[in-house]
Colleague: 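Structure below; questions to follow.
One-based numbering, in listed order, for ligands and for the atoms of each.
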Amino acid sequence: MTDSTIENLLHEERRFAPPNSFKSQANLNDPRIYERGKDPEKFWAEQAENFEWFEKWNQVLDWNPPWAKWFVGGKLNITVNCLDRHLKTWRRNKAAFIWEGEPGDQRVLTYGDLHREVCRLANGLKNLGVQKGDRVTIYLGMIPELPIAMLACARIGAAHSVVFGGFSPDSLRERINDSQSKVVITADGGWRGGKIIPLKHNVDEALPGCPSVKSVVVVRRIGHAGPGKIKEGRDFWWHDLIDEVSSKCEPEVMDSEDLLYILYTSGTTGKPKGIAHTTAGYLVGTAMSHKWIFDIKDEDVYWCTADIGWVTGHSYIVYGPLANGTTGVMYEGAPAYPEKDRFWEMIEKYSVSIFYTAPTAIRTFMRWGSEHIEKHDLSSLRLLGSVGEPINPEAWIWYHENIGKGSCPIVDTWWQTETGMILISPLPGITTTKPGSATFPLPGIEPDVVDESGKSVPLGSGGYLVLRAPWPSMLRTIYGDPERYREVYWSKFPGLYFTGDGCKRDEDGYYWLLGRVDDIMLVAGHNISTTEVESALVDHHDVAEAAVVGKTHDVKGQAIDAFVTLKLSIKATEALRQELREHVAKKIGALARPDEIYFTAELPKTRSGKIMRRLLRDIAEGQTLGDVSTLADPSVIESLKAQYEEGGA
Ligand code: WT7
């Protein structure tokens with residue numbers, strides 16, 4: 001951004017107050033919680049009292065910017081809080097995970113089961129020589145062994161580094177080497193869309209370049225069909241490793257600030273950053289936010305559809321929910337397998353009450369049409385969540401009406417791998433929502449929207465989203481590269497954490513996330529966010545999804561190009577293209593009217609489902625394409641490019 005503020009384009013008049021029936025039963029329904037958050041240290045210390053400590057902290061916060069320590073001097077083990085604590089109560093035999101494999105196989109693990117499995121693997125890892133302070137890379141699909149492996153590491157004080165199962169051998173090697181892992185845990189394969197992901201094969205490809213790795217643990221998931229071969233002396237079957245070990249394992253005593261895990265974020269360019277999260281603050285932040293935002297009760301069945309390979313899965317499938325004694329649904333495979341109603345079928349089957357997914361998934365469901373949804377009874381649902389990208393207001397409304405049947409509050413949760421926990425979100429028993437806005441910061445969290453010079457901008461304008469104060473589950477550093485940590489997050493505005501996101505606050509103080517600042521366009525001297533133009537396009541009833549980029553223009557500086565995916569039943573015509581251009585002009589002004597609109601069946605997305613505007617920009621500028629290694633499906637970009645060169649259509 002060259003100018004200080006982003007234009008205020010879209011106006012949203014719709015309001016959704018929490019229904020009385022929801023409010024009256026909610027964990028939080030008293031807005032005075034925000035008052036209590038105004039003394040963050042006192043507030044977070046009160047929250048920390050909810051957990052089990054071997055030794056209490058003697059100082060809540062040691063803040064030496066950009067270095068934070070929370071609950072200084074405290075001793076604990078996160079698995080005691082996620083598991084052992086529940087075994088002393090009736091939750092011992094409560095389901096922790098209800099898991100369903102893609103082919104339809106099922107497994108239910110109670111808290112007691114999970115505790116035993118975690119202890120057994122922890123003992124197995126010890127037998128492989130894993131010690132407190134070591135790193136272990138976990139490269140698995142969405143099977144119960146994935147959370148078991150994470151917790152087994154935490155039990156014995158080893159940091160885990162989960163690498164998403166969709167990553168290539170090269171990406172895996174880079175991450176193993178950066179973390180200097182001693183052990184890799186994988187499977188002979190995983191199921192996705194009816195196909196086998198060759199996990200063990202990829203590990204075998206990666207490992208010749210990984211001198212730190214001494215052993216590989218292999219889960220048998222696929223059986224004889226699996227391509228994995230066991231290398232004597234290096235590879236161990238998971239079931240052999242835990243065969244004769246004890247199902248008890250004393251938890252390692254960890255310091256509040258001991259490393260819990262590393263999780264790599266690729267961003268769009270550069271070497272992946274190993275985001276480092278520590279023990280106590282992460283536990284307190286994820287557990288409390290999960291309880292408040294998702295209104296978690298003992299009788300809930302909670303389903304977060306993310307992959308545990310991303311931070312959403314770490315914080316809101318594994319640590320937060322287990323700390324709260326939640327029953328969680330876990331699913332291995334693809335949403336369209338074997339049919340496009342798989343998710344709705346599972347919600348009905350398990351009576352899911354809280355459902356948390358991403359805008360990219362919601363827009364895909366919109367595109368598929370409502371017939372898949374109408375086949376199933378979704379009346380068990382009482383709360384819906386969204387995460388990962390700004391949710392376009394029309395996608396929000398669609399979600400509210402078609403999945404929530406008009407009666408479930410929606411929590412649009414803003415956060416990052418780096419923040420560890422949700423920082424901006426409605427509290428569903430308190431907040432009146434506006435579709436497309438993540439609403440307000442959680443109690444105890446202090447964001448701000450600032451201009452180029454770091455000065456707060458008034459309500460009604462846009463700028464850079466920053467955080468003014470540390471929070472318990474913030475990243476502590478980039479693993480092995482503290483200088484990069486300072487440079488990436490703390491150098492643009494000294495003393496402030498820079499999120500990299502654009503944001504505006506409306507007159508009522510609601511936060512509207514506008515996407516990454518690198519994506520903001522400058523059209524005839526006006527800063528325009530891609531998010532708002534995309535939302536105007538998705539507002540049209542024929543459009544399922546849109547990606548907008550700015551390309552160089554002689555007169556305007558930048559002009560807007562849009563890539564649009566239509567709903568499955570709609571035909572792309574020249575008349576529709578003109579109609580869409582006018583629709584945007586009418587919704588938000590002539591300034592934002594796209595010069596060109598390209599219809600496309602797919603948009604290029606990262607493996608975590610975010611639209612890669614940078615590649616679309618390269619196409620629009622007619623440039624050679626930059627790094628495509630983070631694309632989920634590289635063929636998408638090739639067909640788009642071919643289409644563009646033909647001049648659209
Ligand atoms: C970036 C972080 C947070 C877990 C999943 C992604 C975007 C995330 C929202 C939201 C608008 C959002 C931001 C953020 N983002 N949630 N509710 N509204 N934007 O984690 O891969 O670290 O990505 O995702 O741009 O900076 P991540």
Colleague: Quick one: does Thr413 get an N or O within less than 3.5 Å of an N or O on ligand 1?
Modeller: yes

Colleague: So for ligand 1, is Thr499 a polar contact partner (N or O within less than 3.5 Å, distance only)?
Modeller: no

Colleague: With a heavy-atom distance limit of 4.0 Å, tell me whether Val311 approaches ligand 1 through its side chain, its backbone, both, or neither.
Modeller: side chain

Colleague: Are the ring centres of Tyr282 and Tyr261 closer than 6.0 Å?
Modeller: yes

Colleague: Between Ser608 and ligand 1, is there a nitrogen or oxygen pair with a distance under 3.5 Å?
Modeller: no

Colleague: Distance to the ring centre below 6.0 angstrom and angle to the axis at most 45 degrees; does that hold for Arg607 and Phe164?
Modeller: no

Colleague: Suppose we measure from atom 2 (C) of ligand 1 to each protein heavy atom; which comes out shortest, and what is that distance?
Modeller: Trp415 O, 3.6 Å

Colleague: Determine the interplanar angle of the Tyr497 and Trp490 rings, folded into 0 to 90°, and report it as parallel if under 30°, tilted if 30 to 60°, perpendicular if over 60°.
Modeller: perpendicular

Colleague: Is the distance between the ring centroids of Phe440 and Tyr510 under 6.0 Å?
Modeller: yes

Colleague: Show me which atoms of ligand 1 lie under 4.0 Å from any heavy atom of Gly388.
Modeller: 7 (C), 8 (C), 9 (C), 12 (C), 15 (N), 16 (N), 24 (O)

Colleague: Hey, does Trp310 sit under 4.0 Å from ligand 1 if you only count heavy atoms?
Modeller: no

Colleague: Where the closest heavy atom to atom 18 (N) of ligand 1 is concerned, which of Gln416, Glu389, His314 has it?
Modeller: Glu389

Colleague: What protein heavy atom sits nearest atom 1 (C) of ligand 1, and how far away is it?
Modeller: Lys610 NZ, 3.8 Å

Colleague: Among all the protein's non-hydrogen atoms, which is closest to atom 13 (C) of ligand 1, and how far away is it?
Modeller: Asp501 OD2, 2.9 Å

Colleague: Mind checking whether Thr417 contacts ligand 1 via backbone (N, CA, C, O), side chain (CB onward), both or neither, at a 4.0 Å heavy-atom cut-off?
Modeller: both

Colleague: Among all protein heavy atoms in this structure, tell me which lies nearest to atom 11 (C) of ligand 1, with the distance rounded to 0.1 Å.
Modeller: Pro390 N, 3.1 Å

Colleague: Would the distance check show the side chain of His314 and the main-chain N or O of Trp310 forming a donor-acceptor pair, the cut-off being under 3.5 Å?
Modeller: yes

Colleague: Can you confirm if the aromatic rings of Phe365 and Trp368 lie within a centre distance of less than 6.0 Å?
Modeller: yes

Colleague: Please say which of Glu389, Glu394, Glu602, Glu534 ends up in a salt bridge (charged side-chain N to carboxylate O under 4.0 Å, His left out) with Arg363.
Modeller: Glu389

Colleague: Please find the pair of heavy atoms, one from Val584 and one from Val533, that lie closest to each other, and give the distance.
Modeller: CG1-CG1, 4.1 Å

Colleague: Say whether Thr312, considering both its backbone and side-chain N or O atoms, lies within less than 3.5 Å of an N or O atom on ligand 1.
Modeller: no

Colleague: Is the closest heavy-atom distance from Gly500 to ligand 1 below 4.0 Å?
Modeller: no

Colleague: Using the ring centroid of each side chain, check whether Tyr356 and Trp303 are separated by less than 6.0 Å.
Modeller: no

